[in-house]
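Structure first, then comments.
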Protein chains: 2
Amino acid sequence: MTVKQKKRGRPSKLTREAIVLGAKEWMLEQNKKLSIRALASHLEVDPMAIYHYFDNKAALLEAITISIMQGIYTPGNSSSWQMELTKLCHSYLSLLRDHPGLLETLLSMGGEMAGPAEVFRERFDLAIAPLSLEESRKNAALDLLVDYMHGFALALHCAKDKSKLEVSAIERPLALYLSILEVET
Amino acid sequence: MTVKQKKRGRPSKLTREAIVLGAKEWMLEQNKKLSIRALASHLEVDPMAIYHYFDNKAALLEAITISIMQGIYTPGNSSSWQMELTKLCHSYLSLLRDHPGLLETLLSMGGEMAGPAEVFRERFDLAIAPLSLEESRKNAALDLLVDYMHGFALALHCAKDKSKLEVSAIERPLALYLSILEVET
DNA sequence: TATTTTTATTCTACACCGTAGAAAAACAAT
DNA sequence: ATTGTTTTTCTACGGTGTAGAATAAAAATA
């Protein structure tokens with residue numbers, strides 16, 4: 001293993017990680033959909049510099065999305081499965097709320113392996129493990145919950161009167177949802 | 001009442017209705033998000049002509065949305081409430097699928113009176129009238145269903161492999177949903 | 001040391017978008 | 001013939017993603 005092998009060519013201020021980090025910073029403080037030019041000026045760099053590290057905007061957004069999805073809540077055994085699932089949902093919705101455009105990128109990354117959508121599935125499985133549901137029923141339950149939250153997250157972003165709509169508004173529909181899972185088949 | 005009172009000024013090829021109609025045509029055949037320039041060239045007119053009839057793009061999209069939402073299914077008594085509700089959902093999702101951007105406009109029009117979101121609420125009420133649910137439970141059920149469908153519709157548009165995702169994919173989650181309403185409180 | 005090669009960054013430019021504001025065109029009323 | 005009203009077009013600005021060429025700064029090589 002070579003130690004401290006120096007890099008050739010012009011020295012770089014940028015890295016993929018720095019770009020993704022800068023993008024997350026920008027999104028949190030601006031709460032707007034990211035543009036390459038805005039990100040570039042935040043990084044104090046020419047817009048085209050970003051394209052040396054990412055093929056296109058979609059590729060950058062995917063990297064950002066994967067990074068953000070790391071921060072989602074991991075259910076454990078510290079409380080009831082209802083509480084754990086509720087915490088998971090709140091965590092997921094907060095991430096979606098605070099990062100405009102995240103949802104669309106997430107969905108466009110499709111159902112392939114190891115995508116960020118798969119991360120939620122794993123956490124969901126953890127949360128409802130105590131129920132030991134039949135597989136097909138579990139899949140239907142996951143689809144219903146995930147798409148419900150996506151619809152809700154989209155409403156959060158589209159709402160003009162932001163004060164009227166908060167994450168806490170999921171409570172009653174979510175309670176209704178939880179009541180399905182409690183019913184034995 | 002004056003008969004055939006002639007209009008002053010330059011004669012107009014355009015009307016609000018013609019613009020909305022042309023927009024719907026364009027969306028159906030292109031299946032893309034509408035742009036003012038694309039619509040203008042479809043109507044064989046200068047882009048700015050459209051702004052004589054609509055304040056801005058958002059106003060145009062709202063008119064289009066209202067027009068499209070007229071076409072949604074009206075539940076009756078011809079079959080079980082489950083079937084009527086299912087037909088309503090399929091109808092709604094098909095409209096959302098065939099008109100990209102409709103969903104976002106619909107949500108941005110907010111919860112005010114007589115908005116297109118209100119149209120769905122009325123149809124929902126018709127469909128589940130036989131159940132005579134308590135008001136707060138009905139609201140939670142509506143929220144859960146609407147946001148689920150919105151999430152699903154968004155997934156339809158974002159999916160890269162369009163063949164993998166069709167409206168029929170709602171059936172199992174929807175069946176799960178229907179099972180909630182059947183449970184007595 | 002001088003030259004070449006590799007890499008990172010910037011610059012310029014294009015096609016698209018929404019749309020503001022001025023100009024022009026076509027008619028009715030005067 | 002002139003004025004007024006309405007509709008349509010023209011020109012232009014600032015925004016977007018990004019392709020392609022030019023430039024700069026280092027290491028590698030001669």
Side-chain angles (χ1 to χ4, degrees), chain A residues 2-23 26-27 30-65 100-102 104-105 108-109 157-158 160, chain B residues 2-23 26-27 30-65 100-102 104-105 108-109 157-158 160:
Chain A
T2 53
V3 187
K4 265 271 173 144
Q5 172 114 2
K6 273 221 176 177
K7 277 208 184 165
R8 298 200 289 182
R10 183 175 183 164
S12 60
K13 324 190 286 190
L14 285 177
T15 60
R16 285 176 63 97
E17 291 69 33
I19 293 171
V20 169
L21 191 68
W26 189 92
M27 289 173 96
Q30 299 287 333
N31 205 75
K32 287 189 262 180
K33 280 198 181 172
L34 186 70
S35 87
I36 297 289
R37 283 174 158 94
L39 173 57
S41 89
H42 177 74
L43 296 170
E44 292 178 303
V45 124
D46 185 273
M48 292 310 293
I50 294 169
Y51 284 88
H52 189 256
Y53 298 89
F54 297 94
D55 280 354
N56 46 49
K57 191 185 180 183
L60 167 59
L61 289 178
E62 289 180 9
I64 294 168
T65 299
L102 184 67
E104 288 82 350
T105 304
S108 75
M109 293 176 74
H157 285 297
C158 292
K160 286 173 176 170
Chain B
T2 55
V3 187
K4 265 273 173 145
Q5 172 114 5
K6 273 221 174 177
K7 277 203 182 168
R8 297 202 289 184
R10 184 173 182 164
S12 60
K13 324 191 289 190
L14 286 177
T15 59
R16 285 176 65 96
E17 291 69 32
I19 294 171
V20 168
L21 191 69
W26 188 92
M27 289 172 97
Q30 299 286 333
N31 207 73
K32 286 189 262 181
K33 279 198 182 173
L34 185 70
S35 87
I36 296 289
R37 283 173 156 94
L39 173 56
S41 89
H42 178 74
L43 296 170
E44 291 179 301
V45 125
D46 186 273
M48 292 309 294
I50 294 168
Y51 284 88
H52 188 256
Y53 297 89
F54 297 94
D55 280 355
N56 47 48
K57 190 184 181 183
L60 168 59
L61 289 178
E62 290 180 9
I64 295 169
T65 299
L102 184 67
E104 288 82 350
T105 304
S108 76
M109 292 175 73
H157 286 296
C158 292
K160 286 172 177 171

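So you know, we letter chains A, B, ... as the sequences are listed, proteins then strands, and number each from 1.
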Provide, to the nearest angstrom, the distance between the CG atom belonging to B:L61 and the C1' atom belonging to C:dG18. 11 Å

Looking only at the side chain of B:R37 (C-beta and beyond, no hydrogens), which of the listed nucleotides D:dA12, C:dA8, D:dT7 gets closest? D:dA12

Atom-pair distance (CG on B:N56; P on C:dG21), nearest Å: 14 Å

Go through B:I36 and B:L60 one step at a time and tell me if the side chain to side chain contact (heavy atoms under 4.5 Å, CB included) criterion holds. CA-CA 9 Å; B:I36 296 289; B:L60 168 59; 4.0 Å; yes

Does A:Y51 put a side-chain nitrogen or oxygen below 4.0 Å from OP1 or OP2 of C:dA8? no

Side chains of A:W26 and A:L43: closer than 4.5 Å at any heavy-atom pair? no

If you assign B:M48 and B:P11 each to the DNA chain D nucleotide with the nearest heavy atom, which residue ends up on the more 5' nucleotide? B:P11

To the nearest angstrom, the NZ-P distance between B:K13 and C:dC27 comes to 13 Å

Rounded to whole angstrom units, what separation is found between the NE2 atom of A:H52 and the C1' atom of D:dT18? 15 Å

Quick check on DNA chain C: between A:D46 and B:D55, whose nearest nucleotide comes earlier from the 5' end? A:D46

By nearest nucleotide on DNA chain D, pick out whichever of B:P47 and A:S35 is the more 5' one. B:P47

Please state how far atom CD1 in B:I50 lies from atom P in D:dC10, giving the value in whole angstrom units. 14 Å

Which sits closer to the 5' end of DNA chain C, B:R10 or B:A38, going by the nucleotide each is nearest to? B:A38

Under 4.0 Å between any heavy atoms, over every strand shown, what does B:F54 touch: base, sugar-phosphate, or nothing? Just pick one. nothing

NA contact type, A:R8, heavy-atom cut-off 4.0 Å: base, sugar-phosphate, or nothing? sugar-phosphate

What is the distance, to the nearest angstrom, from the CG atom on A:L43 to the C1' atom on C:dA8? 15 Å

Between B:A63 and B:R16, which heavy-atom pair has the shortest distance, and what is it? CB-NH2, 4.3 Å

Note, A:T105 side chain near A:I64 side chain (heavy atom, < 4.5 Å): no

Taking atom C1' of D:dG4 as reference, at what distance in whole Å does atom NZ of B:K7 sit? 17 Å

Rounded distance in Å - CZ (A:R16) to P (C:dA8): 13 Å

Evaluate A:V20 against A:F54 for side chain to side chain contact (heavy atoms under 4.5 Å, CB included), listing each step before the verdict. CA-CA 10 Å; A:V20 169; A:F54 297 94; 4.0 Å; yes

